[in-house]
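Since the structure comes first, as structure tokens, the remarks are kept for the end.
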Number of protein chains: 2
Amino acid sequence: MSAPRTQPIALECHHSTPGSVSTPTWHRLRDALLALIDSLGNNRKRPCRLPAEREMIARFSTTRITLRDALTQLEGEGRIYRENRRGWFIAPSRLHYDLLAGLAFHDMVESQQRQASTLLLSASTVPAPLHIARRLWLSEGSAVQRIVRVRAIDGRRVLYVEHHLRPDCFPGILDFDLAQHSLTALYRHEYAIRIARVDYELGSTIFGGPAGEALHATPGTAAQRITRINRDQNGRVVDCDDEYWRHDAIELALSAVPRGG
Amino acid sequence: MSAPRTQPIALECHHSTPGSVSTPTWHRLRDALLALIDSLGNNRKRPCRLPAEREMIARFSTTRITLRDALTQLEGEGRIYRENRRGWFIAPSRLHYDLLAGLAFHDMVESQQRQASTLLLSASTVPAPLHIARRLWLSEGSAVQRIVRVRAIDGRRVLYVEHHLRPDCFPGILDFDLAQHSLTALYRHEYAIRIARVDYELGSTIFGGPAGEALHATPGTAAQRITRINRDQNGRVVDCDDEYWRHDAIELALSAVPRGG
DNA sequence: AAGTGGTCTAGACCACCGG
DNA sequence: CGGTGGTCTAGACCACTTT
């Protein structure tokens with residue numbers, strides 16, 4: 001006995017996409033979910049959770065897999081996000097992240113009328129892995145200071161960062177309160193080091209491993225990777241960062257004069 | 001009758017992830033697929049296709065959905081990619097895209113020993129949509145030149161671009177062969193306009209609509225959006241671009257002096 | 001303890017691509 | 001037209017979170 005391909009969704013089938021023969025069910029579901037999202041009112045400070053998957057299944061007369069396809073689409077668009085095993089939530093608007101503004105995280109967030117918080121996961125001196133050593137012009141295995149933090153906007157964990165510092169530049173820096181102070185402020189005021197040049201590398205990946213766990217991100221969801229190498233006023237490399245952002249949490253921007261005119 | 005939760009995979013279960021109680025099947029599958037990918041030899045110029053899904057199902061004794069979960073993971077990591085309804089392929093290494101190098105697409109690609117090609121989809125004068133009008137300092141509905149192109153690296157379509165130009169800057173530019181010439185070269189040599197400042201906006205989304213279709217990207221797969229507003233040597237906005245890249249095709253880079261020291 | 005999302009089974013039909 | 005990937009059904013068990 002073959003299961004008939006039913007189309008049980010009782011939704012208004014607006015914009016039937018001329019040029020495309022059939023609109024997949026998940027696409028119509030997507031529209032219904034968007035209406036649901038709008039009806040929930042999206043711009044609060046409290047995390048706004050969607051109904052349980054099984055409830056949405058009942059409401060829309062569909063299957064778990066199809067529903068999750070539609071949710072995954074919206075997740076990719078950045079309209080909703082997941083906390084691992086906790087549910088689906090409406091995504092707040094993106095933080096505007098100007099790569100060349102030279103702003104510390106807290107300043108950047110607060111300048112956009114949002115609340116920043118930082119959680120220190122670890123701060124210790126460790127032997128440099130090869131890829132870190134290369135960036136910092138050190139030899140593999142030599143000591144570097146490693147700082148791992150999680151940062152949140154309005155209580156939502158959005159960023160996992162690993163810093164690696166050249167210890168010859170920042171003796172004793174691990175003794176400061178690294179959850180409260182911006183690193184760049186410490187660099188300047190305690191060590192008279194200014195960041196005068198930044199090399200960025202940006203790419204997209206997925207969460208998984210420590211970064212995913214720290215952000216409560218479901219393994220496999222999209223992440224924005226930002227790697228940064230910082231030089232001081234003398235052109236010397238002093239530290240590097242590896243940032244992993246929830247992809248829907250930021251919009252990157254920069255304004256500059258291109259070379260090779 | 002309840003289906004027993006079998007674990008039929010006969011793969012070496014390397015690194016059982018201490019600290020995590022159970023490794024999901026798709027995770028072990030992922031490793032098996034990685035081995036398969038390595039065995040296929042990844043760095044050719046010919047697109048290297050994976051076996052059909054049903055064949056991989058048989059080979060790994062698993063289900064379609066589980067297999068696709070694993071494949072989707074690898075797709076998110078940028079190790080493999082899809083062409084819509086055509087199959088899964090091994091992803092070539094990423095193009096290094098220096099945002100501030102001021103290089104035209106062909107020059108950038110060829111400087112990395114790869115082959116660039118461009119397909120012109122449309123070139124016409126159209127009324128400006130609101131968001132374009134705003135960027136170009138025009139009023140909504142006023143005429144702008146619109147150029148849509150698809151660009152490929154080593155034959156693989158990786159980039160969909162829409163340009164919108166201020167027609168007062170570039171009269172008659174649509175009559176040039178826009179598949180062969182770089183726009184910036186035309187700007188300079190035919191109109192004596194140099195791009196002296198660029199405003200970028202970067203974000204991640206998913207394919208769907210014209211961009212996805214033009215790249216043969218499966219709807220819902222990850223895309224890197226790059227929006228660009230170009231100013232000439234007099235500070236005047238002359239055009240803007242909307243680029244959609246296959247997320248695995250590029251790695252963005254830039255080096256600059258941050259403000260707000 | 002109840003409920004949630006994460007994972008998985010074992011199929012089926014359909015649209016589309018390539019030969 | 002055969003084979004492929006895209007979509008969908010109708011469930012189940014499990015790990016984990018929350019009550």
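Nothing here was measured: the structure is a model prediction, and the numbers come from that model. Chain letters run A, B, ... following the sequence lines, proteins first, then strands; residues in each count from 1.
For C:dC16, the OP1/OP2 oxygens have no side-chain nitrogen or oxygen of B:N84 closer than 4.0 Å. Using a 4.0 Å cut-off, some side-chain N or O of B:T25 falls inside it from OP1 or OP2 of C:dC8. OP1 and OP2 of C:dG5 both lie 4.0 Å or more from every side-chain N or O belonging to A:T218. Taking only side-chain nitrogens and oxygens, A:T62 comes nearer than 4.0 Å to OP1 or OP2 of D:dT9.
Taking the ring centroids of B:Y160 and B:W245, they lie at or beyond the 6.0 Å cut-off.
Judged by distance alone, with hydrogens and angles left aside, B:R86 brings no side-chain donor or acceptor close enough to the base of C:dG18 to form a pair under 3.5 Å. Residue-to-nucleotide contacts include a donor-acceptor pair under 3.5 Å from the side chain of B:R64 to the base of D:dG6.
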Begin with the C-alpha distance, continue with both residues' side-chain angles, and end with the deciding distance and a verdict on side chain to side chain contact (heavy atoms under 4.5 Å, CB included) for A:M56 and A:L71.
CA-CA 11 Å; A:M56 289 191 276; A:L71 290 168; 4.1 Å; yes

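Here D:dG5 presents its P atom at 10 Å from CD of B:E55, a figure rounded to the nearest Å. Regarding A:W88, its CH2 atom lies at a distance of 6 Å from the P atom of C:dG6, rounded to whole Å. Distance CG (B:L29) to P (C:dC8): 8 Å, rounded to an integer number of Å. The nearest whole Å value for the distance from the CZ atom in A:R68 to the P atom in C:dG6 is 5 Å. For A:L67 and C:dG6, the CG to P distance is 11 Å, given to the nearest whole Å. When the P atom of D:dG5 is taken as reference, atom NE2 of B:H216 falls 16 Å away, rounded to whole Å. Computed from coordinates, the B:F60 CZ to C:dT9 P distance equals 14 Å when rounded to whole Å. When rounded to the nearest whole Å, the span between CD1 of A:I57 and C1' of C:dT4 equals 12 Å.
Place B:I65 and A:E53 on DNA chain C by their nearest nucleotides, and A:E53 ends up nearer the 5' end.
Between the side chains of B:R225 and B:Y244, no donor N or O sits under 3.5 Å from an acceptor N or O.
For B:E53, the side-chain hydrogen bond (donor to acceptor under 3.5 Å, both in side chains) criterion is met by B:R64, B:R68, B:W88, not counting sequence neighbours. For A:N84, the side-chain contact (heavy atoms from CB on, under 4.5 Å) test picks out A:T218, A:P219, with sequence neighbours left out.
Considering only the side chain of B:T63, C:dA10 comes nearest among C:dG5, C:dA15, C:dA10. Distance from the side chain of B:R49 is smallest for D:dT4 among the nucleotides D:dT4, C:dC16, D:dT9.
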